[in-house]
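Worksheet: the structure to be examined is printed underneath.
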Amino acid sequence: MTASDHDVVVFGTGSFARAIQFYLDVDSDHRVVAFTATREHVTGATFSNRPLVPFDTVADSFPPQEHKMFVAVGYRRLNRLRARYYEAAKALGYDLITYVSSKSVHWDDIVVGDNCCILEGTTIEPSVRIGNDVVLWSNNYVGHGSSVSDHCFIAPGVVIAGSTQIGRHCFVGVSATLRDGISVADGCLIGAGATILSDTAPGEVYLGPRATPYTGDTSRFLE
């Protein structure tokens with residue numbers, strides 16, 4: 001089988017890499033032909049039944065003239081680790097693909113950068129801009145006129161109300177809610193379940209309320 005513009009090498013050997021392999025194989029025109037990782041993470045010849053090669057030699061085995069790449073690294077260090085390998089892949093000459101699930105809902109006027117992943121159940125309203133290297137996991141809502149800047153990770157179930165601007169290198173946790181018209185500055189971490197009602201400053205951390213055990217009589221709940 002000859003290489004084509006549809007052949008993709010996935011950077012990563014974790015759960016994100018396995019997930020994107022599934023989505024690309026079953027819900028896109030692309031096919032995952034190999035995986036790559038830094039040499040210390042190459043522990044065998046294959047990963048998920050595909051060849052696994054060190055990143056420092058990937059261009060020899062799977063040339064960028066014949067293959068594209070997707071960097072499937074999570075949100076560690078506020079997405080800066082993924083951003084580093086995103087830039088490294090580009091420096092090798094690879095075009096980075098974007099995957100938008102056929103089971104997401106969006107209008108044709110959205111703008112989406114490269115190396116983005118938008119999963120099923122996500123609703124994107126009109127006039128939304130998504131930067132480069134952004135992950136929108138499943139069942140998110142992005143309101144009209146909002147933007148998500150480069151190298152962000154939006155966990156499942158997040159509500160981003162209309163005209164909200166999210167800066168670079170942000171992480172928004174499961175089921176967080178961002179009020180309409182606010183700006184989330186660069187490098188913010190919004191924890192699971194947090195509600196943000198006003199602008200943030202760069203590098204701030206917001207943690208949602210956590211449930212604690214009920215110390216009263218629980219019999220009426222357990223009957």
Side-chain angles (χ1 to χ4, degrees), residues 16 19-20 23 27 70-87 90 96-211:
F16 188 4
I20 200 65
Y23 287 116
D27 187 39
F70 184 88
V71 180
V73 175
Y75 48 81
R76 288 182 59 193
R77 303 176 191 169
L78 282 177
N79 306 290
R80 289 182 173 85
L81 193 61
R82 189 174 69 256
R84 179 198 304 174
Y85 296 125
Y86 166 89
E87 297 294 348
K90 280 184 164 292
L96 298 174
I97 69 163
T98 278
Y99 168 73
V100 179
S101 172
S102 65
K103 299 182 184 300
S104 63
V105 178
H106 58 85
W107 296 94
D108 292 338
D109 70 340
I110 66 167
V111 176
V112 182
D114 61 5
N115 206 70
C116 291
C117 176
I118 300 174
L119 293 189
E120 67 269 20
T122 292
T123 297
I124 301 176
E125 291 192 342
S127 304
V128 167
R129 300 181 64 89
I130 307 295
N132 299 315
D133 190 36
V134 171
V135 179
L136 284 166
W137 214 259
S138 55
N139 299 311
N140 288 303
Y141 168 86
V142 185
H144 58 90
S146 294
S147 67
V148 182
S149 299
D150 298 348
H151 313 302
C152 288
F153 194 109
I154 312 299
V158 170
V159 174
I160 301 170
S163 301
T164 294
Q165 316 303 313
I166 300 178
R168 293 162 57 91
H169 294 289
C170 288
F171 172 82
V172 184
V174 173
S175 298
T177 299
L178 309 183
R179 181 187 169 179
D180 60 294
I182 66 170
S183 294
V184 176
D186 294 348
C188 284
L189 188 155
I190 311 299
T195 298
I196 308 301
L197 299 178
S198 59
D199 294 352
T200 71
E204 288 185 328
V205 175
Y206 294 83
L207 300 181
R210 297 189 178 187

Q: Decide yes or no on side chain to side chain contact (heavy atoms under 4.5 Å, CB included) for Val172 and Ile196, but give the supporting numbers first.
A: CA-CA 11 Å; Val172 184; Ile196 308 301; over 6 Å; no
**Q.** Trace of the side chain to side chain contact (heavy atoms under 4.5 Å, CB included) decision for Tyr23 with Cys117
**A.** CA-CA 10 Å; Tyr23 287 116; Cys117 176; 5.6 Å; no
Q: For the pair Leu178 and Ile166, evaluate side chain to side chain contact (heavy atoms under 4.5 Å, CB included) and give the outcome as yes or no after the intermediate values.
A: CA-CA 10 Å; Leu178 309 183; Ile166 300 178; 3.7 Å; yes
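Residues Phe70 and Ile97 approach most closely at CD1-O, 3.5 Å, considering heavy atoms. The two residues Gly131 and Cys116 have their closest heavy-atom pair at O-SG, 3.0 Å. Pairing each heavy atom of Arg82 with each of Val73, the nearest pair is CD-O, 2.9 Å. Minimum heavy-atom separation, His169 to Ala83: CE1-CB, 3.9 Å. Nearest heavy-atom pair, Ala155 versus Gly173, reported as atom, atom and distance to 0.1 Å: CB-C, 3.7 Å. The shortest heavy-atom contact between Ala185 and Cys170 is O-SG, 3.1 Å.
The main-chain N or O of Leu96 is never found under 3.5 Å from a side-chain atom of Asn115 such that the two would form a donor-acceptor pair. With Ser127 contributing its side chain and Asp109 its backbone, the two residues share no donor-acceptor pair below 3.5 Å. Remark: the backbone N or O of Ile118 is not paired with any side-chain donor or acceptor of Ser101 at under 3.5 angstrom. A donor-acceptor distance shorter than 3.5 angstrom exists from the side chain of Asn140 to the backbone of Val158, with no hydrogens or angles considered.
Scanning for side-chain contact (heavy atoms from CB on, under 4.5 Å) contacts around Arg129 gives Val111, Ser147, with sequence neighbours left out. Under the salt bridge (charged side-chain N to carboxylate O under 4.0 Å, His left out) criterion, Asp150 pairs with Arg168, sequence neighbours left out.
For the pair Ser163/Asp180, no side-chain contact is recorded, criterion being any heavy-atom separation below 4.5 Å from C-beta on.
Considering OG1 of Thr164 and NE2 of His144, their distance stands at 9.0 Å, rounded to 0.5 Å. We find the OH-CG distance between Tyr75 and Leu189 to be 9.0 Å, quoted to the nearest 0.5 Å. Rounded to the nearest 0.5 Å, atoms CZ (Arg80) and OH (Tyr85) are 15.0 Å apart. For the atom pair CD1 (Ile130) and CD1 (Ile124), the distance works out to 5.0 Å, reported to the nearest 0.5 Å. Distance check, rounded to the nearest 0.5 Å: OG1 of Thr195 to CZ of Arg179 gives 12.0 Å. Going from atom CG of Asp114 over to atom CG of Asp133 covers 8.0 Å, rounded to the nearest 0.5 Å.
Salt bridge absent: Asp27 and Lys103 never bring a charged side-chain N and a carboxylate O closer than 4.0 Å.
Evaluated for a side chain to side chain contact (heavy atoms under 4.5 Å, CB included) with Val142, the options Ile160, Ile110, Thr123 yield exactly one hit, Ile160.
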N/O donor-acceptor pairs under 3.5 Å from side chains in residues 203-211, not counting sequence neighbours:
from, atom 1, to, atom 2, distance (Å)
Glu204, OE1, Ala201, N, 2.9
Glu204, OE1, Tyr206, OH, 2.5

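Note on ring orientation: taking the six-membered ring where Trp is involved, the planes of Trp137 and Phe153 are parallel (angle under 30°, cut-offs 30° and 60°).
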